[in-house]
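Just below is one structure, and these are the notes that go with it.
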Amino acid sequence: MHRTSTIAGPRQLPTRPSAPAGTVSAAPSSSPYVVLVAGYAGSGKSEFSRRVSEGLAWPLLDKDSLSGPLVEGLISRITGDPNDRHSQQYLNLVRPLEYQALLDSTLDNVRAGLSAVVTAPFLLELSNPQWVSQLRNVLKTLDAKLHIVWVDCDEHMMRARITQRGAGRDTWKLNNWDDYIRSVNPEPFRVTADDVVDNTLEAFTSLEQAASKFIASVAAPTSAVRAVAW
């Protein structure tokens, strides 16, 4: 099954201005850090992102939370189905807008000197090396660092999570599971990612443990870590 879509690209923004003389910056001394957490629907990326966000006290930018209601209203006017996430109308007209909003929100935080945890599937984006390179370059101009995390999951776990959460946007996937699962190929994303989190049935560690390990070994040096009781 082949689907096409345009891809929203990160807009080039001016570098973050220095604080005026005599003022004290509230930003951490280290560069802002963008943790981009990607994965297929039901992989556990939202839970992983939440744990990392809470553990570091960094803003969490979740695509569905930022633009979900707007997307439902817009696609409903276009196709009559608020849960449409598979038609060419959605892929070409709506999807680029919601990803652009997510990227713009991310860069707004970075320009303010804030690190952020950003989560969405990012399937089309991470499949495009030029998009990844462009994002890294834009963040570099803002003196920020990018770390891509791919959350791996197996088919049975993904289907169980999707079924359990009962989100309308997953209706097409569940009703056309065989077609949907044929489009799932995590290998290219494992190669692109800086870190791969194993959230399969055979994983040696839990998602909570994986988040704690990530905070300690990768993100912790950039920010003070607060203790969170999960």
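What you see is a predicted model, and the numbers here were worked out from it, not measured in a lab.
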Quick check: does any side chain N or O of [X] sit under 3.5 Å from a backbone N or O of [Y], one acting as donor and the other as acceptor?
{"X": "S133", "Y": "P129", "value": "no"}
{"X": "Y40", "Y": "N185", "value": "yes"}
{"X": "T200", "Y": "C153", "value": "no"}
{"X": "S53", "Y": "V117", "value": "no"}
{"X": "N199", "Y": "S43", "value": "yes"}
{"X": "D154", "Y": "M157", "value": "yes"}
{"X": "D194", "Y": "I148", "value": "yes"}
{"X": "D62", "Y": "V118", "value": "no"}
{"X": "K145", "Y": "Y33", "value": "no"}
{"X": "Q209", "Y": "S206", "value": "yes"}

Separation between [atom1] of [X] and [atom2] of [Y], rounded to the nearest 0.5 Å:
{"X": "W150", "Y": "K45", "atom1": "CH2", "atom2": "NZ", "value": "8.0 Å"}
{"X": "L70", "Y": "L74", "atom1": "CG", "atom2": "CG", "value": "8.5 Å"}
{"X": "D81", "Y": "Q89", "atom1": "CG", "atom2": "CD", "value": "10.5 Å"}
{"X": "K213", "Y": "D195", "atom1": "NZ", "atom2": "CG", "value": "8.5 Å"}
{"X": "K173", "Y": "R159", "atom1": "NZ", "atom2": "CZ", "value": "13.0 Å"}

Between [X] and [Y], is any pair of side-chain heavy atoms under 4.5 Å apart?
{"X": "L123", "Y": "F189", "answer": "yes"}
{"X": "L114", "Y": "W58", "answer": "no"}
{"X": "V197", "Y": "F214", "answer": "no"}
{"X": "V37", "Y": "V35", "answer": "yes"}
{"X": "V71", "Y": "R85", "answer": "yes"}
{"X": "L36", "Y": "E125", "answer": "no"}
{"X": "L66", "Y": "S105", "answer": "yes"}
{"X": "L126", "Y": "W131", "answer": "yes"}

Open item on the list: Does the plane of the ring in Y99 sit parallel, tilted or perpendicular to the ring in F122? Use 30° and 60° as the thresholds.
Closed with: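 Taking F122 first and then Y99, their aromatic rings stand perpendicular (interplane angle over 60°).
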Could you pull out the closest heavy-atom pair between [X] and [Y], with the gap in Å?
{"X": "R165", "Y": "A41", "value": "NH2-CB, 3.6 Å"}
{"X": "I75", "Y": "P82", "value": "CG2-O, 3.7 Å"}
{"X": "G55", "Y": "I215", "value": "CA-CD1, 3.9 Å"}
{"X": "G44", "Y": "L207", "value": "O-CD2, 3.4 Å"}
{"X": "S115", "Y": "P59", "value": "O-CD, 3.0 Å"}

Open item on the list: For a salt bridge (Lys or Arg N to Asp or Glu O under 4.0 Å) check, start with the C-alpha distance between D179 and R182, then their side-chain angles and the critical distance, and finish with the verdict.
Closed with: CA-CA 5 Å; D179 288 337; R182 277 195 291 270; 2.3 Å; yes
TODO: Dump the intermediate steps for salt bridge (Lys or Arg N to Asp or Glu O under 4.0 Å) on R190 and E187, then the final yes or no.
DONE: CA-CA 5 Å; R190 295 171 182 154; E187 188 56 37; 2.9 Å; yes
Task: Within one Ile-Leu-Val-Met-Phe-Trp-Tyr cluster: L97 and I78, side-chain cutoff 4.5 Å - done: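 Shared cluster, yes.
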Open item on the list: Could you see if V184 belongs to whatever hydrophobic cluster contains I162? Use Ile, Leu, Val, Met, Phe, Trp, Tyr and a side-chain cutoff under 4.5 Å.
Closed with: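 Result: yes, single cluster for both.
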TODO: Taking the six-membered ring for Trp and the full ring for Phe, Tyr or His, determine whether the centres of Y90 and W172 are under 6.0 Å apart.
DONE: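 Here the rings of W172 and Y90 have centres that are no less than 6.0 Å from each other.
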Open item on the list: For T79, give me all partners under side-chain hydrogen bond (donor to acceptor under 3.5 Å, both in side chains), at least two apart in sequence or on another chain.
Closed with: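 T79 satisfies side-chain hydrogen bond (donor to acceptor under 3.5 Å, both in side chains) with D84 once adjacent residues are dropped.
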- [ ] Any side chain to side chain donor-acceptor pair (under 3.5 Å) involving residues 63-75? Give me the pairs, sequence neighbours left out, ordered by first then second residue.
- [x]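 Sorted result for residues 63-75: K63-E98, D64-R169.
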Open item on the list: Quick one, R95 with L124, criterion side-chain contact (heavy atoms from CB on, under 4.5 Å). Give me CA distance, side-chain angles, the key distance, then yes/no.
Closed with: CA-CA 10 Å; R95 186 187 186 279; L124 292 175; 3.5 Å; yes
Task: Step-by-step salt bridge (Lys or Arg N to Asp or Glu O under 4.0 Å) determination, E47 to R51 - done: CA-CA 6 Å; E47 181 182 351; R51 293 184 183 279; 3.0 Å; yes
